[in-house]
Amino acid sequence: GLAAERQRDNASYYGDQVHNLLEDLTNDPNHEHDGEYQYHVDAWQSYMDDYGPTDLNPELSVLGTTEDGLPFGGTADLFAKIDGVGTVIDYKTSKTLSESTVALQMSALANADTHLPFPIEQAQALHLPRPEDAKRLLKYKPKGDDSYEQYKKGYRVYALDQSKIAAGWKVFQAARKLWQELYVHKK
């Protein structure tokens with residue numbers, strides 16, 4: 001009901017604020033901010049230090065076409081190169097995250113054919129949960145596990161290699177075709 005909608009809207013607003021701040025910091029590392037989202041800034045900076053992305057292209061909108069000729073578009077939080085490999089990166093501030101929840105979106109962005117700054121060979125969803133959610137997630141991760149070590153720094157990377165991107169792309173195309181059949185052809 002109404003309480004669930006309010007909670008969703010608050011989470012959306014929170015995510016938008018974090019995304020906007022990280023975009024500002026990508027464009028200008030000296031960007032002044034009030035510190036309200038400092039936990040996320042620190043986590044993002046840890047990610048940047050750990051992964052060392054270069055050739056940063058924040059908030060870039062791309063267009064593409066499925067194999068059936070159906071158009072799609074989207075905006076990635078960041079296109080970058082990691083170890084010289086073209087990577088699409090999307091920030092997620094939700095309480096939890098799984099690879100399957102991001103595979104379709106990331107696969108579509110990786111397969112766009114217009115406005116890409118360079119060929120994309122991998123994708124990363126950068127989970128930046130709120131501090132209380134990161135602490136809760138740590139309880140369920142074994143110490144020494146990569147995700148445990150990352151969540152200790154306030155983030156976790158969900159990586160999609162070429163095979164996962166290809167699998168997600170197949171599902172995205174099927175979903176796009178279904179949407180076309182259900183909603184566009186009915187008009």
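In what follows, every heavy atom counts, from backbone to side chain, and hydrogens, waters and symmetry copies are set aside.
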Shared hydrophobic cluster for Leu116 and Leu60 (ILVMFWY, side-chain gaps under 4.5 Å): yes
Stepwise side chain to side chain contact (heavy atoms under 4.5 Å, CB included) check, Arg136 with Thr96: CA-CA 10 Å; Arg136 182 180 47 77; Thr96 61; 3.8 Å; yes
message: Working to the nearest 0.5 angstrom, can you tell me the gap between Asp24 CG and His31 NE2?
response: 4.0 Å
field: cation_pi(Arg156, Tyr158) dist<6.0 Å, angle<=45
entry: yes
message: side chain to side chain donor-acceptor pair (under 3.5 Å), that's the test. Do Asp68 and Thr66 meet it? Break it down for me.
response: CA-CA 5 Å; Asp68 290 337; Thr66 66; 5.1 Å; no
task: Please check if Val41 and Val157 belong to a single hydrophobic cluster, counting links between Ile, Leu, Val, Met, Phe, Trp and Tyr side chain heavy atoms closer than 4.5 Å.
output: yes
field: Close side-chain approach of Trp44 and Leu126, heavy atoms under 4.5 Å
entry: yes
- request: May I have all residue pairs that pass salt bridge (charged side-chain N to carboxylate O under 4.0 Å, His left out) and include part of residues 86-111, sequence neighbours excluded?
  value: Asp90-Lys92, Glu99-Lys164
Ile89 CD1 to Tyr47 OH distance, which is reported to the nearest 0.5 Å: 3.5 Å
task: Determine the interplanar angle of the Trp179 and Tyr183 rings, folded into 0 to 90°, and report it as parallel if under 30°, tilted if 30 to 60°, perpendicular if over 60°.
output: tilted
Joint hydrophobic cluster, Leu104 plus Leu160, side-chain heavy atoms closer than 4.5 Å: no
- prompt: So how far is it from Tyr151 OH to Asp146 CG, rounded to the nearest 0.5 Å?
  reply: 12.5 Å
message: Working to the nearest 0.5 angstrom, can you tell me the gap between Glu32 CD and Leu25 CG?
response: 10.0 Å
Residues 69-87 side chain polar contacts: donor-acceptor under 3.5 Å, at least two apart:
residue	atom	partner	partner atom	Å
Thr75	OG1	Ser61	OG	2.7
Asp77	OD2	His19	NE2	3.2
Asp77	OD2	Tyr91	N	2.6
Thr87	OG1	Val85	O	2.9
Thr87	OG1	Gln122	NE2	2.8

field: For Ile120 against Gln162, the heavy-atom pair lying closest together
entry: O-NE2, 4.4 Å
- prompt: Would you say Val88 and Leu56 are hydrophobically clustered, going by side-chain heavy atoms of ILVMFWY under 4.5 Å?
  reply: no
field: Minimum-distance pair of heavy atoms, taken over all atoms of Asp161 and Ser163
entry: OD1-OG, 2.8 Å
message: If you compare all heavy atoms of Leu63 against all heavy atoms of Ala112, which two are closest, and at what distance to 0.1 Å?
response: O-CB, 3.3 Å
field: Atom of Ala125, atom of Met106 and distance for their closest heavy-atom approach
entry: N-CE, 4.2 Å
field: By side chain to side chain donor-acceptor pair (under 3.5 Å) - contacts of Tyr14 (at least two apart)
entry: His40
- prompt: When hydrophobic residues are tied together by side-chain contacts of less than 4.5 Å, even through go-betweens, does Leu182 share a cluster with Val171?
  reply: no
query: At what distance, to the nearest 0.5 angstrom, does CD of Glu149 lie from NZ of Lys152?
result: 4.5 Å
Nearest heavy atoms of Gly15 and Thr93, plus distance in Å: CA-OG1, 3.3 Å
task: Write down the atom of Pro129, the atom of Ala134, and the distance for their closest heavy-atom approach.
output: CG-CB, 3.9 Å
- prompt: So do the side chains of Met48 and Tyr155 get within less than 4.5 Å of each other, counting heavy atoms only?
  reply: no
- prompt: For the atom pair CG (Leu137) and CG (Leu97), what is the distance rounded to the nearest 0.5 Å?
  reply: 9.5 Å
